[in-house]
Amino acid sequence: MKSLQPVRGTHDLLPDAFRRHRHVAERARAVAESYGFLEMATPIFEFTEVFKRTLGDTSDVVSKEMYSFADRGGEEITLRPENTAGVCRAIVSNGLRQSLPVKFFYDGPMFRYERPQKGRQRQFHQIGVELVGVEGPLGDVEVIALGAHILDALGILDRTTLELNTLGDQESRAAYRAVLVDYFSAHRDALSEDSLARLERNPLRILDSKDEGDRRLVAGAPTFETHLTGAAADFFAAVKAGLDTAGVAYAVNPRLVRGLDYYCHSAFEFTTTALGAQGTVLAGGRYDGLIEMMGGPATPGVGWAAGIERLAMLATDVPPAPRPIAVVPVGAAAETAGLRLTQSLRRAGLAVDLGYGGNLGRRLKRADKIGARVAVIIGEDELASGAAKVRDLDTGNQSEVSLAALADHLAAFR
RNA sequence: GCGGGUGUAGCUCAGGUGGUUAGAGCGCCAGAUUGUGGAUCUGGAUGUCGUGGGUUCAAGUCCCAUCACUCGCCCCA
């Protein structure tokens, strides 16, 4: 252990930050449920094979970003870098192919061994949805519309752009890939170093290169549109028409490409310019071949994931911290009565903070600092008279309320 | 994994060309107010100057390494 620092790229979530995260997750869950997506969870680690077989050996996630280790039994284990593979594994493991289609929502930590920067951490959190067992474009439309709806519920939809593209079916993609390789190979000397590597591993990736020279080449490159099979073109048209019907605005970006092997047909990204180099806020696509790659029967699927940290940085309307009622006992005799009173108020459904020590002034100061709405003061006088002092900490008004009537009186501050 | 920037108190930051006891504001603690918070006033404590080496009579200041953060690339949420 190196001193008392957290591991690089990991962060503590103290209450203020945690409240933002929780707000994002809760809003998202509520909207997802309104679309019929049910929350579920898979383990945060899986056999390494689950990710290796689905993400593709050449993807950066597999080749350099996985937290992998051998456990005590010698099993090769990996902390999940994303959750789609785990959810699909769970569908097969639990025999859920009997109940397709399934609609899942999830929320949890993911792990990637990356160089941290703004909006990028080694342990981060994602919410996401997976719709498995629907092969038609209506599935894509619903999943994308849900993403837009959640962003809207978080107050950030108007600061994002939905970029949409198609990666076609197997046939289209193979044909286009071959044409692209020919084109870029002919201009090899003009390609950037990064793109030369892409040419070997994932030539489609060259399309969204940020390099100036690459972009000039890309501008003259053959487009995917002209290489789509009729079926793939129809599928894309149906997705666009569905989004129009659902009232979801989008911009077709022919250069949008996904890095992971399992995507086909729809690829989409909600992007923003508010997060520096990390523009993607919510992204996903269709992955019809994934379960088959994993060793299961061919099963279509479509879904997306969104980074909670990124969403939390953009979210508006984050609720303020709750304001408790502070019970302030004065003097040793009142401590017991204070505890008894506190517990009875809590059982009545109120949020109550019991002051822990010091004189009256100190305890009121503490009550003020934690944002208490009212302070209930009980000392010897109050015990004798059977009525507590109730002090409104916003206005400074103070009144006497009989102990028996306290819970009802305070109900207004629940 | 590659390149740039930064690291001084809990937080935000000052500390010309090395020089003796390292500062401010906010926050924190105490008192004015031993049964009344917030405002004000008075007083107090902050700290391995990220860490480890080196140069020097002398290092917060210069050099090297390392760690962390940060910006960009790769890639991605």
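Atom set for the values below is all heavy atoms of this structure, side chains included, hydrogens, waters and symmetry mates excluded. Order of the sequence lines fixes the chain letters, A, B, ..., with proteins taken first and strands second; residue numbering starts at 1 for each chain.
The 12-atom threshold is not exceeded at CD of E171(A), counting heavy atoms of other residues, nucleotides or ligands nearer than 6.0 Å.
In this structure F224(A) satisfies the ring pair (Phe, Tyr, Trp, His ring centres under 6.0 Å) test together with Y176(A), sequence neighbours excluded.
Proximity of R198(A) to F184(A): side-chain heavy atoms (C-beta onward) are nowhere separated by under 4.5 Å.
Sorted by first and then second residue, the salt bridge (charged side-chain N to carboxylate O under 4.0 Å, His left out) pairs involving residues 355-372 of chain A (not counting sequence neighbours) are E335(A)-R363(A). Applying the side chain to side chain donor-acceptor pair (under 3.5 Å) test to residues at least two apart or on different chains, the pairs with a partner in residues 314-334 of chain A are R323(A)-D394(A).
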- request: Do nucleotides 30-46 of chain B as a string where each nucleotide becomes B, S or -: B if the base has a protein heavy atom under 4.0 Å, S if just the sugar-phosphate does, - if no protein is that close.
  value: S----BBBB--------
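The separation between E82(A) atom CD and A77(B) atom P is 8 Å, rounded to whole Å. One interatomic measurement links the two molecules: CG of D214(A) to P of C75(B), which rounds to 10 Å at whole-angstrom precision.
The stretch residues 123-130 of chain A touches RNA chain B through F124(A), Q126(A), each having a heavy atom under 4.0 angstrom from the strand.
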Atom pairs under 3.5 Å, N or O on each side, protein against nucleotides 69-71 of chain B: can you list them with distances?
{"from": "C69(B)", "atom 1": "OP1", "to": "G9(A)", "atom 2": "N", "distance (Å)": "3.1"}
{"from": "C69(B)", "atom 1": "OP2", "to": "R8(A)", "atom 2": "NE", "distance (Å)": "3.3"}
{"from": "C71(B)", "atom 1": "OP2", "to": "K118(A)", "atom 2": "N", "distance (Å)": "2.6"}

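Counting any heavy atom pair closer than 4.0 Å across all strands shown, E114(A) reaches a base atom. Here V281(A) lies in heavy-atom contact (under 4.0 Å) with sugar-phosphate atoms only. Looking at heavy-atom distances under 4.0 Å, A367(A) makes no contact with the nucleic acid at all.
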